[in-house]
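Order of listing sets the numbers, starting from 1, for every ligand and every atom in it. Scope of the values below: all heavy atoms of this structure, side chains included, with no hydrogens, waters or symmetry mates.
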Amino acid sequence: MAGSGSKSVLFVCLGNICRSPIAEAVFRKMATDAGVVDQWVIDSGATSDWNIGSSPDDRGLACLTKHGIETSHRARQVTKDDFLSFAYILCMDESNLSELERRAKQVKNHQAKVELLGSYDPQKQRIIKDPYYGSAEDFEKVYEQCVRCCKAFLENNS
Ligand code: WE7
């Protein structure tokens with residue numbers, strides 16, 4: 001839960017095992033390196049309840065390790081409370097976006113701005129594609145997109 005005055009972001013994808021844990025870990029590393037991590041509540045979640053409690057995908061963990069980033073995240077589903085406690089909910093594709101917008105409408109006085117993480121990409125790649133049925137290269141591409149977008153998002157909120 002975000003304390004008063006703190007900034008908050010929840011990264012979301014379908015299962016919270018591939019894309020959103022990478023985005024969360026990348027953003028936490030950047031905020032840590034910038035010395036502002038204490039000002040932030042950072043988390044990630046799933047639209048589905050399929051993988052609750054699972055570790056991130058091994059390919060995603062390998063990609064993060066390769067870039068010197070760790071995570072101990074376990075998958076969780078987005079809750080109604082998330083729409084009240086987070087300032088930003090940033091998701092990966094149009095399917096995530098329409099699902100989150102549908103759920104936001106069901107929460108009275110929802111606060112969160114629901115956006116595509118890719119809307120922050122200086123290279124204008126709006127969609128961060130699901131790498132689940134993809135290769136290590138697809139995870140690397142997700143990582144690079146997360147780096148560009150998280151950097152821009154952090155700069156916008158500093
Ligand atoms: C995924 C996935 C991803 C697809 N992470 N899963 Cl088998 C399934 C069914 C409902 C929810 C989830 Cl989470 C999962 C397992 C976990 N990134 N991507 N499934 C996926 C990709 C393309 C077409 C259809 C699916 C279900």
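Closest approach of Q77 and D49 over heavy atoms only: OE1-CB, 3.5 Å.
Under 4.0 Å is where a charged nitrogen must lie from a carboxylate oxygen, and between R28 and E24 at least one such pair does. Using a 4.0 Å cut-off between charged nitrogen and carboxylate oxygen, R102 and E99 count as a salt-bridge pair. A salt bridge does not link R103 with D82: every distance from a Lys NZ or Arg NE/NH1/NH2 to an Asp or Glu carboxylate oxygen is 4.0 Å or more. Salt bridge status for E155 with K151: present, with a side-chain N to carboxylate O gap under 4.0 Å.
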Atom pairs and distances, ligand 1 N/O vs protein N/O under 3.5 Å:
unit_1	atom_1	unit_2	atom_2	d
ligand 1	17 (N)	D130	OD1	2.8
ligand 1	17 (N)	D130	OD2	3.3
ligand 1	18 (N)	D130	OD2	2.6

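Under a 4.5 Å side-chain heavy-atom cut-off, the cluster of Ile, Leu, Val, Met, Phe, Trp and Tyr residues that includes Y133 is completed by I17, Y132.
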